[in-house]
Amino acid sequence: MALAHSKPLCTLLLSSALGLAATLPAFSMADNRQNDILSRHELRTCIWPQYYSISYSNPKTGELEGIDIDLAHELASRLGVNVQFIPSSHAEFAQDLSTGRCDIAMFGIAITPARQQQADFSQPYLASAMYAAVRSRNSRITDWQDMDQPGNLVIVQQGTYFENLMKQQLQQAKLVIVSQPQEREAWLKAGRGDAFLTDFPYGKQLIKENDWISLLRAPDGSPRFQYAYAVAKDQPNWLAAINQFVSDMKHSGRLKQLAEKHGLAPMLIP
């Protein structure tokens with residue numbers, strides 16, 4: 001859906017770009033990430049290419065799509081460089097950043113205390129409630145409270161926000177941690193698990209592609225996690241530039257426009 005602006009969108013984006021350049025801090029030898037990017041004329045961007053509406057490799061077209069694919073192109077354009085997308089994951093992105101494999105991770109990474117020890121995060125730009133995926137005909141789990149019962153197996157993806165949270169919250173159900181793509185769905189469909197935890201974007205994909213899955217939303221007041229971009233530790237100037245970019249995307253209306261384009265409007269935060 002197109003947004004109404006008091007000024008043309010191109011004018012707003014140009015003004016934002018000039019504002020970003022004007023407010024970038026001076027770079028020191030210890031924090032020269034942007035200089036490196038400009039020198040190689042390439043922004044190396046870590047993504048998780050299985051994240052529907054975020055950073056998704058469409059199996060039908062072979063093309064990358066999602067809000068963070070679009071925003072990575074926006075960021076690269078502002079820097080005047082090309083963008084290279086590098087496959088990563090929630091379990092691997094911190095190492096990919098620290099070793100210099102990527103300059104930034106842009107795939108809706110939830111901010112957690114554990115992750116903040118390994119990487120630095122921008123201001124958040126999206127947020128999601130928690131969802132449990134269950135088999136539609138599972139009469140034993142019809143609401144969120146039914147999940148944590150003796151004998152139930154609750155599945156989480158390794159390295160995600162849900163892993164540590166469920167370790168803390170589950171009292172009676174058994175937690176199963178998996179690492180391979182689509183392993184959660186396979187376990188659930190085969191009856192080897194009773195539920196798995198996910199978020200709004202991935203939940204959208206599940207409902208679209210699997211008529212045997214139902215989603216249960218966590219009750220109001222449950223933890224709602226915030227998404228941000230991640231950079232390697234101890235790069236304050238590069239982090240400041242990314243924060244400026246996120247702020248400009250919010251204030252220009254571009255973030256809202258892209259969230260609506262990819263069906264993520266419920267995840268927008270101020």
task: Determine, stepwise, if the pair Q118 / R115 fulfils side-chain hydrogen bond (donor to acceptor under 3.5 Å, both in side chains).
output: CA-CA 5 Å; Q118 299 178 307; R115 288 175 178 167; over 6 Å; no

message: Set out, in order, the CA-CA distance, both residues' side-chain angles and the distance that settles side-chain hydrogen bond (donor to acceptor under 3.5 Å, both in side chains) for D146 and T142, then state yes or no.
response: CA-CA 7 Å; D146 294 337; T142 59; 3.1 Å; yes

So do [Y] and [X] actually touch side chain to side chain, heavy atoms under 4.5 Å?
X    : Y    : value
H262 : Y56  : no
M130 : L165 : yes
D68  : I47  : no
F196 : E185 : yes
W238 : I37  : yes
D199 : F225 : yes
N164 : T112 : no
L79  : Q34  : yes

Judged by atom type as modelled, is there a donor-acceptor pair below 3.5 Å linking the side chain of [X] to the main-chain atoms of [Y]?
X    : Y    : answer
K233 : Q116 : yes
D120 : V231 : no
D148 : A173 : yes
Q123 : N243 : yes
S55  : W48  : yes
Q84  : T45  : no
Q257 : G253 : no

Of the non-hydrogen atoms in [X] and [Y], which two are nearest, and what is the gap between them?
X    : Y    : answer
G263 : F200 : O-CE2, 3.4 Å
P87  : R101 : O-NH1, 3.2 Å
G193 : L188 : O-CD1, 3.5 Å
L75  : M106 : CD2-SD, 4.2 Å
V134 : A195 : CG1-CB, 3.7 Å
I111 : S122 : CD1-O, 4.3 Å

- prompt: Where does the angle between the aromatic ring planes of Y227 and Y51 fall among parallel (under 30°), tilted (30 to 60°) and perpendicular (over 60°)?
  reply: perpendicular

task: Please report the C-alpha distance between D103 and R44 in whole Å, then the side-chain angles of each, then the deciding distance to 0.1 Å, and finally whether the side chain to side chain contact (heavy atoms under 4.5 Å, CB included) criterion is met.
output: CA-CA 5 Å; D103 303 304; R44 296 179 300 202; 3.4 Å; yes

query: Is the distance between the ring centroids of Y125 and Y229 less than 6.0 Å?
result: yes

query: How about H90 and F107: are their ring centres within less than 6.0 Å of each other?
result: yes

message: With side chain to side chain contact (heavy atoms under 4.5 Å, CB included) as the criterion, how do Q157 and Y202 come out once you've worked through the C-alpha distance, each side chain's angles and the decisive distance to 0.1 Å?
response: CA-CA 12 Å; Q157 184 83 25; Y202 203 76; over 6 Å; no

- prompt: With respect to D194, which candidate in K174, R140, Q149 satisfies the side chain to side chain donor-acceptor pair (under 3.5 Å) definition?
  reply: R140

Interatomic spacing from [atom1] in [X] to [atom2] in [Y] - rounded to 0.5 Å:
X    : Y    : atom1 : atom2 : answer
I69  : S53  : CD1   : OG    : 11.5 Å
L264 : S128 : CG    : OG    : 9.5 Å
R184 : K189 : CZ    : NZ    : 15.5 Å
K204 : M267 : NZ    : CE    : 9.5 Å
Q244 : M249 : CD    : CE    : 10.0 Å
R33  : N35  : CZ    : CG    : 11.0 Å

Under 4.5 Å between side-chain heavy atoms, counting indirect links through other Ile/Leu/Val/Met/Phe/Trp/Tyr residues: same cluster for [X] and [Y] or not?
X    : Y    : result
F162 : L175 : yes
V156 : Y52  : no
I86  : V83  : no

message: Using side chain to side chain contact (heavy atoms under 4.5 Å, CB included), reason through T198 and T160 one step at a time and then give a plain yes or no.
response: CA-CA 9 Å; T198 189; T160 62; over 6 Å; no

field: Partners passing side-chain contact (heavy atoms from CB on, under 4.5 Å) against E63 (at least two apart in sequence or in another chain)
entry: T61

statement: Hits for side-chain contact (heavy atoms from CB on, under 4.5 Å) against H251, two or more places apart or cross-chain, chain-then-number order -> S247

query: Can a salt bridge be assigned to the pair R78 and E74 using a cut-off of 4.0 Å between side-chain N and carboxylate O?
result: no

- request: Begin with the C-alpha distance, continue with both residues' side-chain angles, and end with the deciding distance and a verdict on side chain to side chain contact (heavy atoms under 4.5 Å, CB included) for I104 and Q235.
  value: CA-CA 11 Å; I104 186 170; Q235 295 182 337; over 6 Å; no

field: Atom CD of Q95 with >12 non-hydrogen neighbours under 6.0 angstrom
entry: no

- request: Using side-chain hydrogen bond (donor to acceptor under 3.5 Å, both in side chains) as the criterion, list what pairs up with E92, not counting sequence neighbours.
  value: S89

